[in-house]
Number of protein chains: 2
Amino acid sequence: MTATGPTGDELVEVLAALANPLRLRIVATLAGGRDYVSHLARVIGVSRPLLHMHLQRLEAAGLVVGSLELSEDGKAMKYFEIADFDFTLTPSALAEAVLTLTTPDPQRGPAREERS
Amino acid sequence: MTATGPTGDELVEVLAALANPLRLRIVATLAGGRDYVSHLARVIGVSRPLLHMHLQRLEAAGLVVGSLELSEDGKAMKYFEIADFDFTLTPSALAEAVLTLTTPDPQRGPAREERS
DNA sequence: TACACGTGTAAGAGAATTCTTACACGTGAA
DNA sequence: TTCACGTGTAAGAATTCTCTTACACGTGTA
């Protein structure tokens, strides 16, 4: 019954990756099918280096997957596709994820006073 | 059947609010019951002004609700509690939210070239 | 009066994000 | 050779986020 969700750190990375309008557009666009970087940049309307950066972020969070392929005319094309994720954001789900946060808990420090 | 989700802008705000270890801890702590600012600051182990700022962000995103109350001995206490939210993060859900993004779509600009 | 406790906010430093511009490399076709 | 297309990355500016410190106000009690 214990549906193990994502780690606290993983969750923070995923949330940070999605908390951006442009990256949200990228995900939405890729949800309609895979595409390679240069073309995707033209479709969305941003510069290629910028898209490259955002794709790195999304890939690092495990939300998209990229694969370098060779086109028929010998060009190196990097295709990206969505990773079919599914996260649920509820108070209890977050409370469970927090248990595995490695971020320095402000608590547990050099014993501070705490009454009541 | 059309379960209207959050607006694109609302979603970005919610994700940005949750994409932070400390704010995640705040939500997790409040999931265990309501509390007032000063006490919550001691429990979590951060300064009150810092907690105040994070609570503002969480409240602006609609994830927590605050109410100023008067204690028996006449002190003004600001209590916060979670807002019982429930967001689902899937490619299709995000694609739907993106439709209502007000963020300047890089596209739709002064007609740029775009061939297939 | 002075202290302990609650509230709120403003100024500033330091760090992280976001974005542009410019450069590097590769291939196939004119 | 030169151009068009693909790849990657580095440097810098502008902005935003995070956090500390310090100040303001209020009440009840020693």
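In this structure, B:Leu18 places its CG atom 16 Å from C1' of D:dC17, rounding to the nearest Å. The CE-C1' distance, from B:Met77 to D:dT27, rounds to 12 Å in whole Å. Taking atom CG on B:Leu15 and atom P on D:dT16, their separation rounds to 19 Å, with Å as the unit. Nucleotide D:dT21 holds its P atom 14 Å from the CZ atom of B:Arg48, rounded to whole Å. Rounding to whole angstrom units, CZ of residue B:Arg25 and P of D:dC19 are separated by 11 Å. At whole-Å resolution of the value, OH in A:Tyr79 and P in D:dG8 are 13 Å apart. Whole-Å rounding puts the A:His39 NE2 to D:dA4 P distance at 19 Å.
A donor-acceptor pair under 3.5 Å links the side-chain atoms of A:Glu10 to the main chain of A:Thr7, judged by distance alone.
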Give every donor-acceptor pair under 3.5 Å between a side-chain atom in residues 74-91 of chain A and any protein atom, sequence neighbours left out.
from	atom 1	to	atom 2	distance (Å)
A:Thr90	OG1	A:Ser92	OG	3.4
A:Thr90	OG1	A:Ala93	N	3.2

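Searching all strands for a Watson-Crick or G-U wobble partner of D:dT16 with both distances below 3.5 Å returns C:dA15. With a cut-off of 3.5 Å on both pairing distances, the Watson-Crick or G-U wobble partner of D:dT29 is C:dA2.
Contact check, B:Ser38 against C:dC5: no side-chain N or O comes under 4.0 Å of OP1 or OP2.
Using a 4.0 Å cutoff on non-hydrogen atoms, the parts of residues 49-73 of chain A near DNA chain D are A:Pro49, A:His52, A:Gln56, ordered by number.
Rounding to the nearest 0.5 Å gives a distance of 14.0 Å between CG of A:Leu30 and CZ of A:Arg25. For the atom pair CG of A:Leu51 and CD1 of A:Ile26, the computed distance is 5.0 Å after rounding to the nearest 0.5 Å. Between the CD1 atom in B:Ile44 and the NE2 atom in B:His54 there is a gap of 9.5 Å [rounded to 0.5 Å]. Note: A:Met53 CE to A:Leu22 CG = 9.5 Å, rounded to the nearest 0.5 Å. If you take CG on B:Leu63 and CG on A:Leu94, they are separated by 8.5 Å, rounding to the nearest 0.5 Å.
Each of D:dG6, C:dG8, D:dC19 was ranked by its minimum atom distance to the side chain of A:Arg42; first place goes to D:dG6. With C:dG6, C:dG8, D:dG8 as the candidates, the nucleotide lying closest to the side chain of A:Lys78 is D:dG8. Ranking C:dT20, D:dT7, D:dG6 by closeness to the A:Val37 side chain, first place goes to D:dT7. Of the candidate nucleotides C:dT18, C:dG26, C:dG8, C:dT18 has the atom lying nearest to any side-chain atom of A:Asn20.
Between A:Ala19 and A:Lys75, the residue anchored closer to the 5' end of DNA chain C is A:Ala19, taking for each the nucleotide with the nearest heavy atom.
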